[in-house]
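Numbers here are sequence positions counted from 1. All values below come from the heavy atoms of this structure, side chains included, with hydrogens, waters and symmetry mates left out.
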Amino acid sequence: MKTNNPHPIYLVRRGLAASALLLALTACEKDLPVYDSPDDAINFEMLINSTTGEIEERNYSFVYEGDDVTRDTLWLRANTQGFIYDYDRHFSLVQIPSGTERPDAQPGQHYVAFDDPALQQHYVIPAGQNTVLFPVVLLRDASLATGDVSLYFQLKEDDTFKQGLPNQRTVMLVVSDHLSRPASWSDYYFNTYGPVKHRFMIDHTGLRWDEPFIQELLDGDYGYIRYLMMLLARELKEENAARAKQGLRPLAEEDGREVAFAWGASFGV
C-alpha cells in the first residue's frame with residue numbers, strides 16, 4: 001500500500017540541508033557590516049541611454065509647447081543615501097560650469113534661480129522618506145530659438161547632506177526652443193536623426209517625440225515602435241510622391257540627406 005510519509009533517509013537529508021541553510025544565513029548576517037557612515041548624501045536619478053548604458057544629458061525644448069507658454073517645470077527625482085529620519089530635511093542646489101561648447105544657462109533668463117524663495121518648499125526630503133520629486137523651472141528666452149544652453153547643477157553640500165555617488169551627483173540639462181536629437185534617440189529603430197525628419201514624425205503622428213515619450217516607447221512594446229515606423233514609412237512615401245509631382249526632390253535635411261524610416265531593414269512599403 002502506498003504511503004505519503006517520506007522515507008527516513010529523506011527526512012535526515014532534509015534536516016541536514018535545512019540546518020546548513022540556517023548556518024549559512026547566520027554566517028551571512030554576522031558578516032554584513034553595520035551601516036555607520038557619518039554622512040548622509042543625495043543621489044539624483046540620471047538619464048541612462050538605453051543603447052549604450054551611459055549617462056546622458058537631458059534635453060528639453062519649448063518647441064513642443066504652445067506659443068503662449070513662457071515657462072515650464074521639470075520634475076526630477078532625488079534619493080537619499082544613509083539613514084531615514086523622522087523630520088523634514090532641506091537641501092539646496094547650485095549651478096556648476098558645464099564645460100561644453102554651449103553657453104551656460106543664466107538664472108532669471110533661462111531658468112528660475114535655485115535660491116528663489118518660491119522653490120524652497122519643494123527642496124525637502126519629507127520625514128520618514130528617502131526620495132522626493134523636485135522642480136526645475138525653465139524660462140522661454142528668445143535666445144533659445146536659435147541656440148541651446150547648458151544647465152548643469154549639483155547638490156550644495158551642507159551639514160545635512162553631502163554629494164552622492166560620482167555618477168549620480170550632476171544633473172546635465174540642455175534647454176532649447178527648437179528641435180534637437182533626444183538623448184534616447186535610437187538609430188536602430190528610427191534611423192539617422194535630423195530636425196526635418198523629427199518635425200515630420202511629430203506632424204504625421206500627432207505624438208510629441210520628445211525625450212520622455214521616446215524613453216517610454218523604448219521601455220514598452222517594440223511592436224508599437226514597428227507599427228509607428230511602418231506608418232511613417234508609408235506617410236513618407238506618399239509625401240515624396242506628392243513632391244515628385246511638383247518637381248521636387250524627396251524630403252531631405254538641409255545637408256541633403258534624404259529622410260528615411262526602417263527598423264534595421266526596409267519595411268518594403
Side-chain angles (χ1 to χ4, degrees), residues 45-69 72-77 102 133 136 138 140 144-148 171-269:
E45 193 169 277
M46 310 304 289
L47 179 64
I48 307 298
N49 186 290
S50 60
T51 302
T52 66
E54 297 180 352
I55 296 175
E56 294 275 4
E57 294 176 321
R58 296 174 181 268
N59 290 284
Y60 173 87
S61 180
F62 279 100
V63 74
Y64 299 101
E65 310 303 332
D67 293 338
D68 58 335
V69 175
D72 200 3
T73 302
L74 295 184
W75 291 90
L76 306 177
R77 186 179 301 277
R102 296 180 297 267
L133 289 175
V136 176
L138 304 175
R140 194 173 198 169
L144 298 176
T146 55
D148 305 346
V171 177
M172 304 177 294
L173 183 61
V174 180
V175 187
S176 69
D177 195 7
H178 57 86
L179 290 175
S180 59
R181 177 183 172 120
S184 293
W185 180 276
S186 170
D187 286 345
Y188 179 76
Y189 294 115
F190 314 137
N191 299 131
T192 305
Y193 177 83
V196 172
K197 178 178 185 175
H198 198 170
R199 172 54 62 187
F200 183 88
M201 295 167 74
I202 295 171
D203 292 344
H204 286 261
T205 63
L207 302 172
R208 289 178 66 94
W209 292 99
D210 57 0
E211 178 58 46
F213 172 76
I214 291 179
Q215 188 62 58
E216 182 179 358
L217 197 62
L218 295 176
D219 291 339
D221 182 5
Y222 287 172
Y224 183 49
I225 300 178
R226 184 175 180 83
Y227 162 76
L228 290 175
M229 292 302 101
M230 292 180 67
L231 172 66
L232 287 166
R234 185 180 65 200
E235 293 284 316
L236 180 61
K237 184 176 181 179
E238 294 176 359
E239 172 77 13
N240 285 337
R243 292 174 65 88
K245 290 181 179 180
Q246 302 174 49
L248 300 175
R249 295 181 58 246
L251 188 66
E253 304 293 340
E254 288 188 3
D255 61 6
R257 289 180 295 114
E258 291 188 11
V259 173
F261 295 99
W263 180 337
S266 172
F267 288 129
V269 296

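When every heavy atom of Asp177 is checked against every heavy atom of Val63, the shortest pair comes out as OD1-N, 3.2 Å. Shortest non-hydrogen contact noted between Ala183 and Leu47 is CB-CD2, 3.7 Å. Residues Leu179 and Pro195 share a closest heavy-atom pair of CD1-O, 3.8 Å. Closest approach of Ser180 and Ser176 over heavy atoms only: OG-OG, 4.2 Å. Across His178 and Leu144, no two heavy atoms sit closer than the pair CD2-O, 3.2 Å. Leu236 and Phe261 get closest at one heavy-atom pair: CD2-CD1, 3.8 Å.
Side-chain contact between Glu65 and Arg208 is present, with at least one heavy-atom pair separated by less than 4.5 Å. Between Leu217 and Leu228, some side-chain heavy-atom pair lies under the 4.5 Å cut-off. A 4.5 Å side-chain heavy-atom check between Arg234 and Lys237 finds every atom pair outside the cut-off.
Without hydrogens or angle criteria, Arg140 side chain to Phe62 main chain gives a donor-acceptor distance under 3.5 Å. Listed for the Glu253 side chain is a donor-acceptor partner under 3.5 Å among the backbone atoms of Val196. Here the side chain of Tyr193 pairs no donor or acceptor atom with the backbone of His198 at under 3.5 angstrom.
For Asp255, the salt bridge (Lys or Arg N to Asp or Glu O under 4.0 Å) criterion is met by Arg257, not counting sequence neighbours. Listed by chain and number, the residues in a salt bridge (Lys or Arg N to Asp or Glu O under 4.0 Å) with Asp67 amount to none (sequence neighbours excluded).
One distance of note links CD of Gln215 with CG of Asp219; it measures 4.5 Å at 0.5 Å rounding. Rounded to the nearest 0.5 Å, atoms CG (Leu74) and CG (Leu138) are 4.5 Å apart. Here CH2 of Trp209 is found 7.0 Å from CH2 of Trp185. Values are rounded to the nearest 0.5 Å. With rounding to the nearest 0.5 angstrom, the CG atom of Asp210 is 10.0 Å from the CG atom of Asn59. How far CD of Glu216 is from CD of Glu211: 11.5 Å, rounded to the nearest 0.5 Å. Rounding to the nearest 0.5 Å gives a distance of 9.0 Å between CZ of Phe190 and NZ of Lys197.
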Run the side-chain contact (heavy atoms from CB on, under 4.5 Å) check on Leu76 and Arg58 step by step: do they pass?
-> CA-CA 11 Å; Leu76 306 177; Arg58 296 174 181 268; 4.1 Å; yes

Derivation and outcome, side-chain contact (heavy atoms from CB on, under 4.5 Å), residues Arg243 and Glu239 | CA-CA 6 Å; Arg243 292 174 65 88; Glu239 172 77 13; 3.8 Å; yes

Checking side-chain contact (heavy atoms from CB on, under 4.5 Å) for the pair Tyr189/Leu218: CA distance, chi angles, key distance, verdict?
-> CA-CA 9 Å; Tyr189 294 115; Leu218 295 176; 3.8 Å; yes

Could you go step by step and tell me if Leu232 and His204 meet the side-chain contact (heavy atoms from CB on, under 4.5 Å) rule?
-> CA-CA 7 Å; Leu232 287 166; His204 286 261; 4.1 Å; yes

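Between Tyr224 and Tyr227, the ring planes are parallel. Angles under 30° get that label, and only those over 60° would be called perpendicular.
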